[in-house]
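As the structure is a prediction and not an experimental result, all values here were calculated from the model.
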2 protein chains.
Amino acid sequence: MSTRDRILHVTSQLMQRQGYEGTAIKQIAKEAQVALSSVYHFFPRGKQELAADAVRHADAHFAGMLAEALASEDDPADAIVALARVVADYLRDSDWQDGCPITATALETAGRIPEIQAAVEEAFERWRGLVAEKLRTTGIPEQDVKDLAYTVINTLDGAELAATVSRTTEPLEIAGRHLARLINSYITNRADVP
Amino acid sequence: MSTRDRILHVTSQLMQRQGYEGTAIKQIAKEAQVALSSVYHFFPRGKQELAADAVRHADAHFAGMLAEALASEDDPADAIVALARVVADYLRDSDWQDGCPITATALETAGRIPEIQAAVEEAFERWRGLVAEKLRTTGIPEQDVKDLAYTVINTLDGAELAATVSRTTEPLEIAGRHLARLINSYITNRADVP
DNA sequence: CACGCACTAGAACGAACGTTCCACCGGGTA
DNA sequence: TACCCGGTGGAACGTTCGTTCTAGTGCGTG
């Protein structure tokens, strides 16, 4: 793992746990076992550039995990349940620290640091795209697919927050079940709900 | 409005926009038009005490808004849609700044500042209770009601984050529709999904 | 050998952080 | 008049923040 990657990895990890303002560059350097000057060597524009790149780094990593979970089941509804379970396991195994890697940063910087906000927006869009791709294998109309992808990602995100705060995987398990039910309602009962 | 209430109000407002670490006590004092010493006069244990009280303050305020929105419609599914719309309007009218008042703080302090985490947990529990109370007017079994309340709050929370980042009310509108559909599926189609 | 490049060591900067301290003010009550 | 108390003013504390700077290392390649 290159020095640059180590910095990005530690940054995204710390920012996901402590947020943007709560994470100091000196702490990043220390935990990545890297000289402070090295951080500025790779990210000369400072903290904002580093944070934006860390969001993109986390985006790629999380998208991989998401794609793998979705591919583990043929049926889209089952795939979403699997996704919720994977995310829940990951969260529990990290002692309730590693949930969605960008939520905290996203909230803190929204409307204040455009560079980071843009990176966050791209990440969410990519994740929704992966979910939509899976849902498209059903016969669900394209507009409904797009809407469902929104709710799948947003619900998992919200459930992950609740799970982190209450230190239980329950919110995520419930969310998985509900999302599967919602998706199935678009497949099996398309006629009876407007 | 008493001096103490003004401090709490400004604190919860700033923390919701900038998070816990991103909000300085001196900024709170300035925006509340209060002497810095007054902040420590009312909250002698410092920033953590102030933050925890601000979370409780925001909790009460938000619960009121939530209850009012839920009461505006008789049908529980319609009430959730109304809730999503109220929250969306509030967010847009504040120039995409005022969403869920405690999410940012919750994420930043989870697992690190127990006093604040406890206040956050209580808030979420109260909000779920209000939703559950509304859902109970249908014939939905108690366990399903509890689970639905979880997903309603978590989905709205996640949708609010997406709305804040993308500066659109769309995620919230979609969430409202999907949640209504999910709830109705427990009323009208109770038999056909396990 | 010598050049360049990834990377480091360490000091220093002004600014901002949370917190403490203490003397003080002004209006209602006794 | 004297007192109490919510609230103030301002300075000061040590610490940490993001950032800058200069001088340098060690290593692979030409």
- Give the ring-plane orientation class for B:His9 versus B:His57, where under 30° counts as parallel, over 60° as perpendicular and anything between as tilted. perpendicular

- Any chance you could measure B:Ser185, atom OG, to B:Asp144, atom CG, to the nearest 0.5 Å? 9.5 Å

- B:Lys30 NZ to D:dG9 P: how many Å, rounded? 14 Å

Return all side-chain donor-acceptor pairs below 3.5 angstrom for residues 107-120 of chain B, not counting sequence neighbours, or 'none' if the list is empty.
unit_1, atom_1, unit_2, atom_2, d
B:Glu108, OE1, B:Tyr20, N, 2.4
B:Glu108, OE2, B:Glu21, N, 3.4
B:Thr109, OG1, B:Thr105, O, 2.8
B:Arg112, NE, B:Glu108, O, 3.0
B:Arg112, NH2, B:Glu108, O, 2.6
B:Glu115, OE1, B:Arg45, NH2, 3.1
B:Glu115, OE2, B:Arg45, NH2, 2.7
B:Gln117, OE1, B:Gly111, N, 2.9
B:Gln117, NE2, A:Val165, O, 2.9

- What is the distance, rounded to the nearest whole Å, between atom CZ of B:Phe43 and atom P of C:dT19? 13 Å

- Query: With A:Phe42, which residues qualify under ring-ring contact (aromatic ring centres under 6.0 Å, His included), at least two apart?
  - Reply: none

- Message: For B:Ala35, is there any backbone N or O sitting under 3.5 Å from a side-chain donor or acceptor partner on B:Ser37?
- Response: no

- Is there a path from B:Val55 to B:Ile28 through hydrophobic residues (I, L, V, M, F, W, Y) whose side chains come within less than 4.5 Å of each other? no

Using a cutoff of under 3.5 Å, can you pull out all pairs of nitrogen or oxygen atoms linking the protein to nucleotides 19-27 of chain D, with atom names and distances?
unit_1, atom_1, unit_2, atom_2, d
D:dT19, OP2, A:Tyr40, OH, 3.2
D:dT19, OP2, A:Lys47, N, 2.9

- Expressed in angstrom and rounded to an integer, what is the separation of B:Ile113 atom CD1 from C:dG18 atom C1'? 13 Å

- Message: Would the distance check show the side chain of A:Arg6 and the main-chain N or O of A:Ala32 forming a donor-acceptor pair, the cut-off being under 3.5 Å?
- Response: yes

- Query: Parallel, tilted or perpendicular: which describes the rings of B:His178 and A:Tyr186, with under 30° parallel and over 60° perpendicular?
  - Reply: perpendicular

- Task: Compute the angle between the rotation axes at the two ends of the helix from C:dG14-D:dC17 to C:dA30-D:dT1, each taken over five pairs, rounded to 10 degrees.
- Result: 20°

- Task: Could you identify which residues of residues 2-24 of chain A place a heavy atom less than 4.0 Å from some atom of DNA chain C, listed by residue number, or say none?
- Result: A:Thr3

- Residue met sooner reading DNA chain D from 5', once A:Gln27 and B:His41 are mapped to nucleotides: B:His41

Atom pairs and distances, side-chain donor-acceptor, residues 92-102 of chain B, under 3.5 Å, sequence neighbours left out:
unit_1, atom_1, unit_2, atom_2, d
B:Arg92, NH2, B:Asp89, OD1, 2.7
B:Ser94, OG, B:Tyr90, O, 3.3
B:Ser94, OG, B:Leu91, O, 2.9
B:Ser94, OG, B:Gln97, N, 3.2
B:Ser94, OG, B:Asp98, N, 2.9
B:Asp95, OD1, B:Arg167, NH2, 3.3
B:Asp98, OD1, B:Arg17, NE, 3.0
B:Asp98, OD1, B:Arg17, NH2, 3.1
B:Asp98, OD2, B:Arg17, NH2, 3.2

- Note on the structure: One should read off an interatomic distance between A:Leu66 CG and A:Ile153 CD1, to the nearest 0.5 angstrom, of 5.5 Å

